[in-house]
Visitor: 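Structure provided below as structure tokens; questions to follow.
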There are 2 protein chains.
Amino acid sequence: MGRSDTRARIQGAATVLFRRHGYSATGLKRIAAEADAPFGSIYHFFPGGKQQLAEDMIRTSGTEYGRMVLALLDSVPDPVESLVHAFEAAADSLAAADYADACPIGTVALEVASSNEALRIATAEVFEEWVGAATRWFGRWVAEPETARSLAYSMVMTLEGAFMLSRAARDPEPLRVAGRSMATLLRAAIARADGE
Amino acid sequence: MGRSDTRARIQGAATVLFRRHGYSATGLKRIAAEADAPFGSIYHFFPGGKQQLAEDMIRTSGTEYGRMVLALLDSVPDPVESLVHAFEAAADSLAAADYADACPIGTVALEVASSNEALRIATAEVFEEWVGAATRWFGRWVAEPETARSLAYSMVMTLEGAFMLSRAARDPEPLRVAGRSMATLLRAAIARADGE
DNA sequence: ATTACAGTAGAGCGATCTATCAAGAACACA
DNA sequence: TGTGTTCTTGATAGATCGCTCTACTGTAAT
């Protein structure tokens with residue numbers, strides 16, 4: 001039976017390269033080389049070729065990344081502090097990775113939005129998954145579901161935009177600003193509910 | 001002297017294609033075809049090849065897009081309403097363009113951030129230009145320069161993130177949420193200044 | 001031993017990529 | 001009419017793309 005980890009190595013290399021350089025700029029030969037796997041093995045394990053490799057990567061690492069962020073948010077009791085802390089952690093880890101590894105699907109999402117329907121849908125479903133999870137998290141401190149959902153959208157969007165600016169400028173500052181903005185947004189939502 | 005508009009047509013086609021599909025997925029042959037120009041003319045007008053074409057596009061359409069957004073913000077007197085209105089307009093125009101044409105440099109920015117230093121710097125400088133202009137705009141209603149700059153960062157980041165989610169989901173809702181979030185953020189900044 | 005199958009391995013296909021090149025067309029000024 | 005410059009044009013090079021294909025190796029069960 002399948003007794004090797006070749007498949008996992010291919011998936012791992014694909015995840016890193018797609019996340020770092022995007023879909024079009026990543027070649028299968030490069031994935032095979034980086035995974036230290038024979039080229040043919042890619043098509044053995046992923047008969048759907050490059051697209052299947054990317055779709056698997058989007059869904060797998062998308063779900064995993066969402067869980068990671070949620071766990072990070074749960075690691076600090078106060079939600080406002082937690083937001084600042086989570087964005088701070090993202091800033092630190094991005095800088096530590098030399099501004100290469102940010103959101104696992106952001107780059108691909110923009111690339112394929114108007115040219116590859118299957119991959120576009122995969123990214124959309126991952127984003128929806130994130131927004132849903134974040135809505136439930138905000139729902140713990142904000143009563144109205146609509147407000148919680150707006151905050152969730154804002155958090156995902158701000159994170160994605162901050163990743164873009166931080167990577168372009170090679171500067172963690174945008175991510176830090178993003179965290180403080182989200183904190184302000186949550187405080188405003190809680191204050192509005194309290195005040196009326 | 002240069003009496004044809006071939007150069008402009010090439011630049012226009014490059015702008016559309018880079019914005020829509022990104023840097024790697026856009027081929028020079030395709031640009032020439034779309035511009036209805038001979039292939040060789042690309043290298044006549046842009047000796048630096050694909051990279052020069054992209055860098056010109058980033059700086060030119062980046063500056064133009066920034067001016068466009070600022071003009072849009074100035075078209076409504078009340079700043080809070082103006083933010084909502086501007087994001088609403090972005091949502092409408094994105095939907096009208098079948099979710100193809102959003103930020104002219106966002107896709108390229110993520111693609112090249114870790115693989116093409118010249119283009120990375122070009123995108124970073126455009127973002128800095130936008131943040132600077134937006135800081136001056138917010139400065140008209142917010143006294144502290146630091147607060148104005150944070151709001152400017154937030155606006156650019158939120159816009160970029162909202163474009164990503166809206167394009168992926170083919171849904172203008174994220175952009176609308178983004179506008180309301182920015183309005184809340186500005187109201188909070190003004191209220192804090194007034195209250196203390 | 002034989003059969004069967006999972007995985008390894010990479011040569012090679014047609015297509016496409018960026019970039020170069022040389023020749024021709026159109027225009028200005030003598 | 002000559003002459004030089006600007007611009008046009010597409011063939012072509014050389015590399016790389018995603019993908020297919022065939023042959024080979026190792027293991028496990030009959």
Side-chain angles (χ1 to χ4, degrees), chain A residues 1-58 107-108 111-112 114-120 122, chain B residues 1-58 107-108 111-112 114-120 122:
Chain A
M1 282 277 262
R3 289 227 53 278
S4 88
D5 56 350
T6 306
R7 189 196 151 95
R9 288 205 316 278
I10 291 172
Q11 213 165 23
T15 301
V16 169
L17 291 172
F18 282 141
R19 148 139 79 167
R20 200 169 293 185
H21 306 294
Y23 184 68
S24 294
T26 300
L28 293 184
K29 295 235 163 84
R30 176 102 189 270
I31 292 177
E34 213 85 11
D36 203 16
F39 182 82
S41 292
I42 291 181
Y43 281 87
H44 175 74
F45 292 109
F46 303 89
K50 191 180 187 180
Q51 177 165 318
Q52 185 194 339
L53 211 42
E55 190 171 341
D56 277 25
M57 174 271 191
I58 290 166
T107 308
V108 177
E111 262 188 290
V112 303
S114 299
S115 50
N116 188 317
E117 195 61 2
L119 296 186
R120 193 216 103 221
Chain B
M1 283 275 262
R3 288 230 53 279
S4 88
D5 57 348
T6 307
R7 188 197 152 96
R9 289 206 316 278
I10 290 172
Q11 213 166 22
T15 301
V16 169
L17 291 173
F18 282 142
R19 150 140 77 168
R20 202 168 290 183
H21 305 293
Y23 184 69
S24 294
T26 300
L28 294 182
K29 291 228 162 91
R30 178 106 189 268
I31 291 177
E34 215 84 11
D36 203 16
F39 181 81
S41 292
I42 291 182
Y43 281 88
H44 175 72
F45 293 108
F46 303 88
K50 191 181 187 179
Q51 177 166 318
Q52 185 192 341
L53 210 42
E55 190 170 341
D56 277 26
M57 174 272 190
I58 289 166
T107 307
V108 177
E111 261 188 291
V112 304
S114 300
S115 49
N116 189 318
E117 195 61 1
L119 297 185
R120 192 216 104 219

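Proteins come first, then strands; the chains are lettered A, B, ... in the order of their sequence lines, and each starts at number 1.
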Visitor: Using a cut-off of 4.0 Å on non-hydrogen atoms, how would the nucleic acid contact of B/G27 be classed: base, sugar-phosphate, or nothing?
Guide: sugar-phosphate

Visitor: Roughly how many Å is it from CD1 in B/I42 to P in C/dT18, rounded to a whole number?
Guide: 9 Å

Visitor: What contact category does B/S24 fall into here, base, sugar-phosphate, or nothing, at under 4.0 angstrom with non-hydrogen atoms?
Guide: nothing

Visitor: Could you state the CZ-P distance from B/F39 to C/dA19, rounded to the nearest angstrom?
Guide: 8 Å

Visitor: Would you indicate, yes or no, if D/dC7 has its OP1 or OP2 atom less than 4.0 angstrom from a side-chain nitrogen or oxygen of B/T6?
Guide: no

Visitor: Which atom pair, heavy atoms only, marks the closest approach of A/N116 to A/Q51?
Guide: ND2-OE1, 3.2 Å

Visitor: Would you please confirm or rule out a distance under 4.0 Å between OP1 or OP2 of C/dT8 and any side-chain N or O of A/S41?
Guide: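 Result: yes.
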
Visitor: Could you state the atom-to-atom distance from CZ of A/F45 to C1' of D/dC19 in whole Å?
Guide: 18 Å

Visitor: Any chance you could encode DNA chain C as dot-bracket? Rule is Watson-Crick or G-U wobble with both distances under 3.5 Å; [ ] for pairs crossing earlier ones, | for another strand.
Guide: .||||||||||||||||||||||||||||.

Visitor: If you compare all heavy atoms of B/F39 against all heavy atoms of B/A32, which two are closest, and at what distance to 0.1 Å?
Guide: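 Residues B/F39 and B/A32, closest heavy atoms: CA-CB, 3.9 Å.
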
Visitor: Find the distance A/Y43:OH to D/dG18:P and express it as a whole number of Å.
Guide: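 My rounded result for the distance is 7 Å.
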
Visitor: How is A/G49 classified with respect to the nucleic acid when contacts are heavy atoms under 4.0 Å: base, sugar-phosphate, or nothing?
Guide: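 Counting heavy atoms under 4.0 Å across all strands, the contact made by A/G49 is with sugar-phosphate only.
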
Visitor: Rounded to the nearest 0.5 Å, how far does OG1 of A/T15 lie from CD1 of A/I10?
Guide: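 These two atoms lie 11.5 Å from each other.
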
Visitor: Whole angstrom is fine here: how far is it from CG in A/L119 over to P in D/dG18?
Guide: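 Spelled out: CG on A/L119 to P on D/dG18 is 13 Å.
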
Visitor: Output the rounded distance in Å from CZ (A/R30) to C1' (D/dA15).
Guide: 16 Å

Visitor: Using the side-chain contact (heavy atoms from CB on, under 4.5 Å) rule, take A/Q52 and A/Y43 through it: C-alpha gap first, then chi angles, then the decisive distance, then the call.
Guide: CA-CA 10 Å; A/Q52 185 194 339; A/Y43 281 87; over 6 Å; no

Visitor: Rounded to whole Å, how long is the line connecting atom NZ of B/K50 with atom C1' of C/dA19?
Guide: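 These atoms are roughly 12 Å apart.
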
Visitor: Within this structure, what is the CG-CZ distance for the pair B/D56 and B/F45, rounded to the nearest 0.5 Å?
Guide: 13.0 Å

Visitor: Hey, which of these two, B/P47 or A/A37, hits DNA chain C nearer its 5' end, going by closest nucleotide?
Guide: A/A37

Visitor: Find out whether B/E111 and A/T107 are in side-chain contact, i.e. whether some heavy atom of one side chain is under 4.5 Å from a heavy atom of the other.
Guide: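 In short, these two side chains touch, coming nearer than 4.5 Å.
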
Visitor: Would you sort out whether B/L17 and B/E34 count as a side-chain contact (heavy atoms from CB on, under 4.5 Å), showing the intermediate values?
Guide: CA-CA 9 Å; B/L17 291 173; B/E34 215 84 11; 4.2 Å; yes

Visitor: Between atom NZ in A/K29 and atom P in D/dC19, what is the gap in whole Å?
Guide: 11 Å

